[in-house]
Amino acid sequence: MSIADNLQRIRHQIAEAAVRADRDPAAVRLVAVSKTKPAALVDEAALSGQLLFGENYVQELIAKAAAVREEVEWHFIGALQSNKVRQLAGLVTMIHSVDRLSLAEEIDRQWGKLGMSCDILIQVNIAGEATKSGTTAEELADLVRRVSMLPHLRIRGLMTMPPFFDDPDAARPYFRQLKELAALIAAERIPGVAMDELSMGMSGDFEAAVEEGATLVRIGSAIFGMR
Ligand SMILES: *Cc1c(COP(=O)(O)O)cnc(C)c1O
């Protein structure tokens with residue numbers, strides 16, 4: 001299967017899942033996760049109409065962004081150290097993985113230096129797994145309130161990685177919980193906080209995520225093959 005075939009199949013599956021849930025398929029954006037894959041494959045995907053990509057590692061993203069020839073947009077989706085944020089400023093249009101105030105403050109500082117604002121998502125570790133990043137559901141509201149004070153950030157929504165990302169049925173309750181958390185936060189009407197984006201769903205479970213309200217699905221291996 002070519003990348004173009006994979007993209008076509010996945011777009012179709014996303015659209016079908018959206019329709020099953022009475023959602024507008026256009027409300028779901030596909031983030032093609034290109035980590036470990038060469039720039040040439042990003043260009044190949046871009047030439048078949050996929051213009052939004054996600055990367056997990058700062059160094060890899062910088063090298064790849066310089067090598068890609070097509071005009072594409074990058075989201076950062078991986079665990080992020082504050083001392084690497086400076087290198088991302090202006091390069092990515094969204095960071096999905098903000099999980100602590102100190103990181104948000106550094107993003108605010110670096111984007112502010114450029115006179116820009118950064119769209120961010122707060123990553124929630126819904127299952128409370130020790131090995132995963134993300135704020136806990138209990139700490140979420142407090143973190144959102146604090147981050148909302150930072151002038152060069154726009155909180156657009158939430159992101160999660162459920163414990164069972166190969167089993168859609170096992171992951172579904174976590175997707176549902178993320179949506180419920182977003183609704184609770186939205187009801188607080190905190191100035192500067194929109195809760196219109198839910199980043200959830202990967203190669204093994206994106207259809208369930210779309211049925212549960214995902215607006216951003218992060219798909220790697222189903223597009224580019226095994227890593
Ligand atoms: C690698 C990765 C993905 C994509 O995973 P696949 O199973 O290859 O689709 C999505 N989100 C994050 C945060 C990742 O690290």
Side-chain angles (χ1 to χ4, degrees), residues 1-14 17 28-39 41-42 44-45 50-65 72-81 84-85 88 92-100 103 107 119-135 156-172 174-175 177-178 197-227:
M1 279 286 223
S2 70
I3 287 176
D5 290 336
N6 291 341
L7 282 166
Q8 194 181 15
R9 185 187 67 250
I10 290 163
R11 288 197 197 104
H12 182 74
Q13 289 173 307
I14 290 172
V28 186
R29 279 191 291 164
L30 171 57
V31 183
V33 178
S34 48
K35 65 181 178 215
T36 79
K37 302 295 181 183
L41 295 190
V42 172
E44 190 180 332
Q50 177 62 36
L51 298 178
L52 175 58
F53 295 85
E55 285 281 338
N56 288 54
Y57 307 103
V58 173
Q59 246 46 55
E60 184 185 344
L61 168 57
I62 289 167
K64 208 173 291 182
V72 301
E73 177 180 352
W74 300 100
H75 284 186
F76 194 82
I77 64 171
L80 183 54
Q81 290 171 277
K84 302 252 170 87
V85 168
L88 288 183
V92 300
T93 54
M94 188 182 280
I95 298 176
H96 291 220
S97 45
V98 177
D99 61 354
R100 57 196 188 279
L103 175 60
I107 297 168
D119 283 344
I120 62 161
L121 306 176
I122 304 291
Q123 182 174 353
V124 190
N125 181 356
I126 295 190
E129 292 172 285
T131 53
K132 285 223 180 96
S133 22
T135 183
R156 300 293 310 277
L158 305 178
M159 180 273 227
T160 199
M161 288 184 71
F164 311 103
F165 42 77
D166 286 330
D167 178 351
D169 288 322
R172 192 182 292 271
Y174 297 96
F175 297 148
Q177 277 183 56
L178 194 73
E197 300 279 11
L198 291 175
S199 171
M200 54 190 197
M202 302 170 36
S203 291
D205 60 15
F206 68 91
E207 290 170 285
V210 169
E211 287 171 10
E212 298 301 332
T215 64
L216 291 158
V217 288
R218 311 177 309 267
I219 301 180
S221 47
I223 298 171
F224 296 108
M226 290 302 222
R227 286 183 297 273

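The structure presented is a predicted model; accordingly, all values stated were derived computationally and were not measured. Whatever order the structure lists ligands and atoms in, that order sets their numbers, starting from 1.
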Query raised in the report: Hey, does the side chain of Ser2 reach the backbone of Asp5 with a donor-acceptor pair shorter than 3.5 angstrom?
Result: yes
Report task. Check whether any side-chain N or O of Glu197 sits under 3.5 Å from a backbone N or O of Ala214 as a donor-acceptor pair, and report yes or no. Result -> no
Requested in this report: Calculate, to the nearest 0.5 Å, the distance between atoms CD1 and CG belonging to Ile77 and Asn56 respectively.
Outcome: 4.5 Å
Query raised in the report: To the nearest 0.5 Å, how far apart are OG in Ser133 and CG in Leu103?
Result: 10.0 Å
Please identify which atoms of ligand 1 are closer than 4.0 Å to at least one heavy atom of [X].
X      : result
Gly220 : 4 (C), 6 (P), 8 (O), 9 (O)
Ile219 : 9 (O)
Arg227 : 1 (C), 5 (O), 6 (P), 8 (O)
Asn56  : 14 (C), 15 (O)

Going by the closest heavy atom to [atom], which one wins out of [options]?
atom                    : options                       : answer
atom 11 (N) of ligand 1 : Arg218, Met226, Gln123, His96 : Arg218
atom 12 (C) of ligand 1 : Ile223, Ile77, Thr160         : Ile77
atom 1 (C) of ligand 1  : Met200, Met161, Lys35         : Lys35

Query raised in the report: How about Leu121 and Ile95: do any of their side-chain heavy atoms sit closer than 4.5 Å?
Result: no
Report task. Starting from the C-alpha separation in whole Å, work towards a yes-or-no answer on side-chain hydrogen bond (donor to acceptor under 3.5 Å, both in side chains) for Gln123 and Ser97. Result -> CA-CA 5 Å; Gln123 182 174 353; Ser97 45; 4.8 Å; no
**Report entry** Ion pair Lys35/Glu60, N-O distance below 4.0 Å
**Finding:** no
Query raised in the report: Of all the non-hydrogen atoms in the protein, which one sits nearest to atom 6 (P) of ligand 1, and at what distance?
Result: Ser203 OG, 3.5 Å
Report task. Write out the residue and atom name of the closest protein heavy atom to atom 5 (O) of ligand 1, then the distance separating them to 0.1 Å. Result -> Met202 CE, 3.4 Å
